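In this text the structure is predicted, and so the values were computed from the model without any measurement. In what follows, every heavy atom counts, from backbone to side chain, and hydrogens, waters and symmetry copies are set aside.
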Amino acid sequence: IIICSLLFVLSACDDVDPVGEKKATSSQLSVSERYISFDLNRSKTVNVTASEDLSWDAYCDQSWISVDNSFGTGSKVLTVSAVEDNPNTQKRNGTISLRSRRYNRTATINIEQEGTYLRADKLETVFSPKEGKQSISIESNATWSIDSKPSWISTSPVTGIGIGNITLTASANPNGTNREDYVIIKNAALNKKIKVTQAQVVLNVSSNSLSFDQSENLSKTISITSNSDWTAKSSESWCMISSKKGSENQDITISVSENTTASTRNAYIIIESGNVSQKISVSQMGVEVIIPITSMSFDYGSSSKTLSITS
């Protein structure tokens with residue numbers, strides 16, 4: 001009788017926990033994913049399967065790993081995330097451990113985050129002196145941003161992740177010298193230096209001086225050689241230009257109205273492209289007056305003579 005009583009007591013003890021509460025008849029704890037690898041995708045859901053009365057806690061051993069629920073009871077869905085970019089080019093690892101609060105039940109999720117990379121399809125780009133755009137393809141598994149750039153370059157977008165394009169826009173180069181610099185793109189572990197070069201302004205004219213006689217509607221042609229946009233203006237209204245603006249190589253016509261004065265008159269034409277310019281001097285002769293004699297004499301009394309004037 002004594003032995004049977006002891007067996008009954010021991011059997012009863014198996015159904016209670018150390019504080020006297022009744023144990024669950026089943027104490028299951030498992031996860032749907034035991035291995036997660038993060039690259040561009042930074043979060044993943046994991047199904048936790050547990051007995052209804054089984055309470056558990058989730059522990060992350062790395063600060064860059066997080067779960068949206070650090071504890072729970074019974075079955076739940078966890079969102080596991082890599083909360084920051086990998087600052088290294090090598091893979092890094094961590095774990096999430098789920099542990100039952102009262103029972104010897106555990107589940108482990110192994111986490112791996114790929115090493116960070118940053119790739120560009122070109123490391124150098126060349127612009128003409130005119131305002132222009134160039135596109136660069138970027139691939140990165142971490143958030144990238146524009147770290148530095150010259151003032152004459154604008155970028156769009158200025159940050160991103162994954163595969164995409166950056167548009168570089170160069171303002172017009174106003175100078176007669178090339179300019180070059182770097183656009184630096186960086187992410188958590190790497191940077192890329194994109195060399196940007198812009199050609200100098202070239203501006204030449206076929207002649208820097210023109211001369212006309214006094215007649216009306218006379219014209220001459222000037223050839224402009226350039227690799228950029230340009231403007232033309234005249235200093236005098238009687239000296240006219242066929243085109244006041246243009247681009248690259250082009251011919252313009254210079255024409256003059258009649259000079260009705262006896263004096264030679266002068267004008268100039270300025271061709272400009274940014275800070276580079278060419279000056280064309282224009283002169284037009286005045287009316288030429290020819291008097292064949294410089295003196296006349298008359299006899300006493302009334303008389304007349306004829307004077308011929310040629311102009």
Side-chain angles (χ1 to χ4, degrees), residues 31-48 57-72 76-98 107-127 131-171 173 179-198:
V31 291
S32 60
E33 302 283 346
R34 294 189 176 184
Y35 171 80
I36 295 175
S37 178
F38 290 119
D39 192 3
L40 283 174
N41 185 11
R42 295 302 181 84
S43 63
K44 190 175 182 64
T45 57
V46 176
N47 295 318
V48 177
D57 296 291
Y59 302 92
C60 303
D61 70 347
Q62 300 293 329
S63 61
W64 54 271
I65 303 172
S66 74
V67 291
D68 60 343
N69 288 302
S70 59
F71 60 89
K76 285 187 177 297
V77 177
L78 291 182
T79 299
V80 179
S81 303
V83 296
E84 64 183 43
D85 294 329
N86 186 349
N88 304 300
T89 56
Q90 295 81 32
K91 294 178 181 180
R92 61 180 178 178
N93 299 279
T95 58
I96 298 174
S97 299
L98 277 69
T108 301
I109 306 170
N110 295 300
I111 310 295
E112 179 182 83
Q113 188 177 29
E114 292 292 331
T116 294
Y117 56 81
L118 177 62
R119 306 179 184 119
D121 68 335
K122 62 182 75 171
L123 297 179
E124 183 173 1
T125 185
V126 178
F127 295 89
E131 179 179 325
K133 299 179 184 293
Q134 298 278 356
S135 182
I136 295 176
S137 178
I138 291 292
E139 184 179 357
S140 175
N141 63 344
T143 300
W144 59 261
S145 61
I146 303 297
D147 185 50
S148 64
K149 63 178 184 61
S151 60
W152 49 274
I153 291 286
S154 61
T155 60
S156 179
V158 296
T159 187
I161 191 171
I163 300 174
N165 292 318
I166 302 175
T167 300
L168 305 181
T169 302
S171 60
N173 184 0
R179 57 184 179 182
E180 63 180 45
D181 212 318
Y182 291 90
V183 175
I184 299 179
I185 306 165
K186 72 172 185 178
N187 63 16
L190 300 165
N191 66 67
K192 290 290 182 184
K193 293 177 68 175
I194 312 297
K195 185 178 180 180
V196 286
T197 303
Q198 190 172 32

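Under a 3.5 Å cut-off, the side chain of Q134 and the backbone N or O of V126 do form a donor-acceptor pair. Remark: side-chain polar atoms of S140 are paired, donor with acceptor, to backbone N or O of Y117 under 3.5 angstrom. With hydrogens and angles disregarded, a donor-acceptor distance shorter than 3.5 Å links the side chain of N141 to the backbone of G115.
Taking 4.5 Å as the limit, every side-chain heavy atom of F38 sits out of range of all side-chain heavy atoms of N86. At least one side-chain heavy atom of I166 sits under 4.5 Å from a side-chain heavy atom of I146. Proximity of L98 to D57: side-chain heavy atoms (C-beta onward) are nowhere separated by under 4.5 Å. Considering only heavy atoms from C-beta on, I194 comes within 4.5 Å of I136 through its side chain. The shortest distance between side-chain heavy atoms of N173 and F127 does not fall below 4.5 Å. P87 places a side-chain heavy atom less than 4.5 Å from the side chain of R92. The shortest side-chain heavy-atom distance between V31 and T108 does not fall under the 4.5 Å cut-off. The closest side-chain heavy-atom distance from N93 to N110 is not below 4.5 Å.
In terms of heavy atoms, N165 sits closest to P157 at O-CD, 3.4 Å. Scanning all heavy atoms of the two residues, the minimum distance from V83 to I65 falls at CG2-N, 4.4 Å. The shortest non-hydrogen separation linking Q62 to G94 is CG-CA, 3.7 Å. Minimum interatomic distance between L78 and N69 (heavy atoms only, all atoms of both residues): CD2-O, 3.4 Å.
Remark: K193 NZ to S148 OG distance equals 8.5 Å, nearest 0.5 Å.
Judged by distance alone, the side chains of T95 and D61 do bring a donor and an acceptor atom under 3.5 Å apart.
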Derivation and outcome, salt bridge (charged side-chain N to carboxylate O under 4.0 Å, His left out), residues R42 and D85: CA-CA 9 Å; R42 295 302 181 84; D85 294 329; 2.5 Å; yes

